[in-house]
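Below, each value reflects all heavy atoms present in this structure, side chains not excepted, and no hydrogens, waters or symmetry copies. For reference, positions follow the sequence shown, starting with 1.
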Amino acid sequence: VQLQASGGGLVQSGGSLRLSCAGTGFTLDYYTIGWFRQAPGKEREGVSCISNNISRSDGETYYADSVKGRFTISRDNAKNTVYLQMNSLKAEDTAVYYCAIGPPNYRTVRTCAYYTMDYWGKGTQVTVSS
């Protein structure tokens, strides 16, 4: 069982990146998937979460206020992958980004809190130069 985040890099302010979270050995469909980030000296924060594909909350999403209108989370079930499209990037978006899976319920999606997640992948560095 493995969860792998990729797609990070160095980008100028105003630019875009797309992060991918791929699951190996299990199906992401059943779980709530979240993207989190942690900058040096700061706590890990929830960036965006998406509900599973099975419950009535199918398609429900959460975004932190700081990324609303700029970031979009989506699923590609055929590829067993969840994406985070990041547009209009700012220097304050610089952090290590992690994806994680959590239980398929409303609370997990709507709180998008790191302590509700069960399994984490390794992070990918995003650096936005001003």
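Within the 3.5 Å criterion, the main-chain N or O of G8 finds a donor-acceptor partner in the side chain of T124. Between the side chain of R70 and the backbone N or O of S88 there is at least one donor-acceptor pair closer than 3.5 Å. Using modelled atom types, no side-chain atom of N52 and backbone atom of P104 make a donor-acceptor pair closer than 3.5 Å. With hydrogens and angles disregarded, a donor-acceptor distance shorter than 3.5 Å links the side chain of T81 to the backbone of K79. S51 places a side-chain N or O within donor-acceptor distance of the main-chain N or O of E60, the cut-off being under 3.5 Å. The closest donor-acceptor contact from the side chain of S48 to the backbone of W35 lies at 3.5 Å or more, if one exists at all. The closest donor-acceptor contact from the side chain of N80 to the backbone of F26 lies under 3.5 Å. Side-chain atoms of T32 come within 3.5 Å of backbone N or O of P103 as a donor-acceptor pair.
Side-chain contact check for Q38 versus E45: every heavy-atom pair is 4.5 Å or farther apart. Looking at T108 and M117, their side chains come closer than 4.5 Å, going by heavy atoms from C-beta outward. Looking at heavy atoms from C-beta onward, V109 lies out of side-chain contact with I50 at the 4.5 angstrom threshold. Counting only heavy atoms from C-beta outward, the side chains of D93 and M86 never approach each other to under 4.5 Å. Under the 4.5 Å side-chain criterion, counting only non-hydrogen atoms from C-beta, E92 is not in contact with S66. Residues L3 and C21 have side chains in contact (heavy-atom distance under 4.5 Å, counting atoms from C-beta outward). Side-chain atoms of F71 and L84, non-hydrogen and from C-beta on, do get closer than 4.5 Å to each other. A 4.5 Å side-chain heavy-atom check between T94 and Q125 finds at least one atom pair inside the cut-off.
Criterion: ILVMFWY side-chain heavy atoms under 4.5 Å apart, direct or through other members. Under it, V82 and Y98 are not part of a common hydrophobic cluster. There is no path of hydrophobic side-chain contacts, each under 4.5 Å, that joins Y119 to V96. Criterion: ILVMFWY side-chain heavy atoms under 4.5 Å apart, direct or through other members. Under it, I101 and Y30 are part of a common hydrophobic cluster. Taken together through direct or relayed side-chain contacts under 4.5 Å among Ile, Leu, Val, Met, Phe, Trp and Tyr, V1 and I33 form part of one hydrophobic cluster. Under a hydrophobic clustering in which Ile, Leu, Val, Met, Phe, Trp and Tyr are joined whenever their side-chain heavy atoms come within less than 4.5 Å, directly or via other members, V11 and L19 fall into the same cluster.
No side-chain donor-acceptor contact under 3.5 Å links Y62 and R110.
T72 and Y63 make their closest contact through CA-OH, 3.4 Å (heavy atoms, listed as atom of the first residue, atom of the second, distance). Here the shortest heavy-atom pairing between A39 and A95 reads N-CB, 3.8 Å. Nearest heavy-atom pair, C49 versus G34, reported as atom, atom and distance to 0.1 Å: SG-CA, 3.6 Å.
To the nearest 0.5 angstrom, S13 atom OG is 8.5 Å from K90 atom NZ. Atom-to-atom distance recorded for S20:OG and Q4:CD is 10.5 Å, nearest 0.5 angstrom. For the atom pair OH (Y97) and CG (L17), the distance works out to 9.0 Å, reported to the nearest 0.5 Å.
Between K68 and D65, at least one side-chain nitrogen of the basic residue sits less than 4.0 Å from a carboxylate oxygen of the acidic one, meeting the salt-bridge criterion.
Checked against the 6.0 Å centroid criterion, the rings of W120 and F36 qualify as a close aromatic pair.
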Practice prompt. Tell me, with the steps shown, if Y114 and R44 meet side chain to side chain donor-acceptor pair (under 3.5 Å).
Written response: CA-CA 7 Å; Y114 70 88; R44 189 169 298 191; over 6 Å; no
